[in-house]
Amino acid sequence: MSPEQYTRIVLNERPIADITPTTFRTERVPFDLKPGMGDVLVQVNWLSLDPAMRGWLRDTRSYVPPVQIGEVMRAAGLATVVEAGEGCRLRPGDVVSCFPVGWTEYAILKEGDAQKLHVPPGAELLDFLGALGVTGVYIGLLDVAKVKAGETLVVSGAAGSVGSLVCQIGKIHGAKVIGIAGTDEKCRWLKEELKIDAALNYKSPAFHNEFKNTVGYLDVFFDNVGGEILDFALTRLKKGARVTLCGAISDYNTPQPKGISSYLNLITQRAKVEGFIVFDYADRYPEALRDLTEWISEGRIVRRFHIVQGLKKAPEALPLLFTGGNTGKLFVAASSGPDFVVL
């Protein structure tokens, strides 16, 4: 039986810098959702929290339109089909991955935005918002950075969902991998669990010297952070180095980022800097998914899930991405009640 009301969280105001308690607004609204032809009604079970979401709050030109004031906050999620409209192949009870969905208990989606899931051996349902959902990591490292066996790969934000996967794919492809993280505990996890070659705490007073002594000069810098760490990495480039820009988490909450000053090294070392958006590589998704599935089933990919309970906690949880409060992939368990998908 359908509820009389449901909860959703909308954008209340655009943050100038950090996300604040007034950035989002929680609403209880009448349940009047009915799928039309080609639509499905879903109950949202899990939500992915990602650094890119901060960019969606800016009213500026980007690869997707900004979230509008009063609009449900956009997110990727996992959901259960409650009702399918006429002409749909999906059926009630099907578990689907969906984007865009949002910070809401229930939603109407186009069937094309909901993919029925079959969990492969060795994987978990949440992997479809993590290792099996971020195929851009695979593409960014292998297609854009073109990392090769024997090369030195440095990864910033290495203990996050993207960085930790980059580190492991780099090792699988024979690179020497050095990760950068913000606590000694995260560095231990990277070395002991992910088995990378070295991990550096950027908050250490000796970080710059440790970087020089451990890395020397690098072939590939896979950057999730930007800011001062990116600027310093540009001083440690080998000839022909590739700098791949996946994110800039240190600058997402900064109204006016400072930019980089060490760019002249790109000229002297004939190096390249390239950003990428995963949507541009849709033709590579099947190969990426096949390889990632295989590596998970073989136990070659380690994942860590950081789960926050309750949809209403999403506004508090999102800033963890910008303060270093999470290790691994950050999720919100959105549902409650008997229909909640339990792993």
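For residues 154-205, the ring-ring contact (aromatic ring centres under 6.0 Å, His included) pairs, not counting sequence neighbours, are His173-Trp295. For residues 218-231, the set of pairs meeting the side-chain hydrogen bond (donor to acceptor under 3.5 Å, both in side chains) definition, not counting sequence neighbours, comprises Ser156-Asp223, His208-Glu228, Asp219-Lys238, Asp231-Ser261, Asp231-Ser262.
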May I have the list of side-chain donor-acceptor pairs in residues 55-66 shorter than 3.5 Å, sequence neighbours left out?
from: Trp56; atom 1: NE1; to: Tyr63; atom 2: OH; distance (Å): 3.2
from: Arg58; atom 1: NH2; to: Tyr252; atom 2: O; distance (Å): 2.1

Donor-acceptor list for residues 86-97 side chains, cut-off 3.5 Å, not counting sequence neighbours:
from: Arg91; atom 1: NH1; to: Cys88; atom 2: O; distance (Å): 2.6
from: Asp94; atom 1: OD2; to: Arg91; atom 2: N; distance (Å): 2.8

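In terms of hydrophobic clustering, with Ile, Leu, Val, Met, Phe, Trp and Tyr side chains grouped at heavy-atom distances under 4.5 Å, Tyr217 and Leu153 are assigned to different clusters.
Salt bridge status for Glu193 with Lys195: absent, with no side-chain N to carboxylate O gap under 4.0 Å. Taking a cutoff of 4.0 Å between a charged side-chain nitrogen and a carboxylate oxygen, Asp50 and Lys329 qualify as a salt bridge. Between Arg242 and Glu151, at least one side-chain nitrogen of the basic residue sits less than 4.0 Å from a carboxylate oxygen of the acidic one, meeting the salt-bridge criterion. Between Glu185 and Arg188 there is no salt bridge, since none of the side-chain N atoms of the basic residue sits less than 4.0 Å from a carboxylate O of the acidic one. Using a cut-off of 4.0 Å between Lys/Arg side-chain N and Asp/Glu carboxylate O, Lys272 and Glu274 are scored as not salt-bridged.
Aromatic rings of Phe128 and Trp46 (six-membered ring for Trp) have centroids beyond the 6.0 Å cut-off, not under it.
In this structure, Phe222 and Leu141 approach most closely via the heavy-atom pair CE1-N, 3.8 Å.
Judged purely by atom type and a 3.5 angstrom limit, Thr23 has no side-chain atom pairing as donor or acceptor with the backbone of Ile19. Remark: the backbone N or O of Ala123 is not paired with any side-chain donor or acceptor of Asp127 at under 3.5 angstrom. At least one donor-acceptor pair closer than 3.5 Å links the side chain of Thr183 to the backbone N or O of Lys186. Using a distance-only test at 3.5 Å, with no hydrogens or angles considered, no donor-acceptor pair links the side chain of Asn265 to the main chain of Ile267.
Residues Thr22 and Asn12 have side chains that never bring a donor and an acceptor to within less than 3.5 angstrom of each other. A donor-acceptor contact under 3.5 angstrom links the side chains of Tyr138 and Asp291, judged on distance only.
In the hydrophobic clustering (ILVMFWY side chains linked at under 4.5 Å, chained through shared members), Ile16 stands by itself.
Ring geometry, Trp103 versus Phe24: the interplanar angle falls from 30° to 60°, so the pair is classed tilted.
Gln269 pairs by the side chain to side chain donor-acceptor pair (under 3.5 Å) definition with nothing, not counting sequence neighbours.
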